[in-house]
Structure formats: C-alpha cells, structure tokens
K.L.:
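The structure under discussion is supplied below as structure tokens; questions concerning it will follow.
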Amino acid sequence: MTRRFWLMKSEPNCFSFENLMHDNPDHTSCWDGVRNYQARNLLRDELHVGDGVLFYHSNIKEPAIVGIARVVRAGYPDHTALDPRSDHFDPRATDTKPIWYMVDVQGVVPLPFPLTRVMLSQHPVLSKMDVLRRGNRLSVQAVAEQEWLTVSEIAGLNREQGE
DNA sequence: GCCAACGTTGGC
DNA sequence: GCCAACGTTGGC
C-alpha cells in the first residue's frame, strides 16, 4: 500500500494541534466526532497507518496548516456515537452497526510558522489544494503528493519528519 | 424520488 | 456578524 496524504480540519477552540501535542500521551489521540458520510468513508476505508496528515486550523481569523501528524491506527468504530452523554451521540448507532468511524492520529511536529490560507493561495502548487475551494466543508480530504512535498519543503522538515 | 426547509460550516 | 455553500431531513 503506497503512502497517502491527508488534510484534517479542526477548530482550534475545540481541538488544536497544541492539544494533540501536549494533552495526549505519545501525542496521539483518536479523531472522533466526524458525522459526515463522505468523511466517514475516508476514515473507514482510505486512511492507513503511516499516512501523512496536514493539521489545519479552521474557523479562526487566519485559518492555516499548523502541524504535521500521521495516522497511527486505521479506521475503527467511533464509540462516542454510542454514548448518550457525548455531544456526538447518534441514537441510530449500535455495536454491530456503528455507522461512524474514526482513526488515531499522532502529532509529529508543528510547522515553524502557520501556513495561512493567504500563503497557500499565493503559492503556485498549493493554490490548487482542495481546502481552498470555496464551500468545501469536508473535514478530511486528500492531499496530492506534490502538495505534501511542497509543504514539507516550505516547513523545512527533515526526511524523518516528512516521512 | 423530488425538493423546500433547515442546520451547520467556515471564510470573510 | 454576515452569508454562501453544503448536507440532511421530511413532507408529499
């Protein structure tokens, strides 16, 4: 299986890259609460251990890619859908038909500076990224290898961090 | 199956 | 705060 690359959006007021790096053992957290079928399908079927993740902060003054992460556990049922006390509870979900899935993500390294939407949109390669498309609300989206490499380069990541 | 109404996302 | 874009719901 070739390695693939993804961008995952999060509202930093809710869960930031800093939260991932500092509030979790081994910088690793489950990515729960996704309640969109298209994103669910990606989480369940397409994200694999070792895939690269661009961590994007949305819904703030300067939305930006702020860090690098990786998938450390492939899709498995999102148990928060079964928990009536959870904000993400879904009464339709059951043990045998969980409906919703999540992955585990591990923070690798913050970017040396936030790669803002403005910077992305001004870049010859990155201006084509899905995340810039007007009206795109998908919280998990594919990133082209060339885009990944370009971000790595801009961020000055070494080989180990980029991998 | 159509589609209007509604709620949410998220940039600006 | 505004509002466009989108996904979901539910009446018919």
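For clarity, every value in this text was computed on a predicted model and none was experimentally measured. Atoms considered below: every heavy atom in the structure, side chains included; atoms not considered: hydrogens, waters and symmetry mates.
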K.L.:
Output yes when E147(A) and K128(A) qualify as a salt bridge under the 4.0 Å nitrogen-oxygen rule, no when they do not.
P.N.:
no
K.L.:
Please examine the side chains of R70(A) and V53(A), heavy atoms only from C-beta on, and report whether any two atoms are closer than 4.5 Å.
P.N.:
no
K.L.:
Just checking K9(A): base, sugar-phosphate only, or nothing, at a heavy-atom cut-off of under 4.0 Å?
P.N.:
sugar-phosphate
K.L.:
Please determine, by modelled atom types, if N41(A) and D45(A) share a side-chain donor-acceptor pair under 3.5 angstrom.
P.N.:
no
K.L.:
Can you check whether W148(A) reaches L54(A) side chain to side chain, under 4.5 Å on heavy atoms?
P.N.:
yes
K.L.:
Show the nearest heavy-atom pair for residues R117(A) and V131(A), with the distance to one decimal.
P.N.:
NH1-O, 3.1 Å
K.L.:
On DNA chain B, which is the earliest and which the latest nucleotide, 5' to 3', with an atom closer than 4.0 Å to a heavy atom of chain A?
P.N.:
dG7(B) to dC12(B)
K.L.:
Residues from residues 116-126 of chain A sitting under 4.0 Å of DNA chain C, heavy atoms only?
P.N.:
none
K.L.:
Between Y37(A) and W100(A), does the ring centroid distance fall short of 6.0 Å?
P.N.:
yes
K.L.:
Side chains of D130(A) and Q141(A): is there a donor and an acceptor less than 3.5 Å apart?
P.N.:
no
K.L.:
Does a side chain donor of either T80(A) or R35(A) reach within less than 3.5 Å of an acceptor in the other side chain?
P.N.:
yes
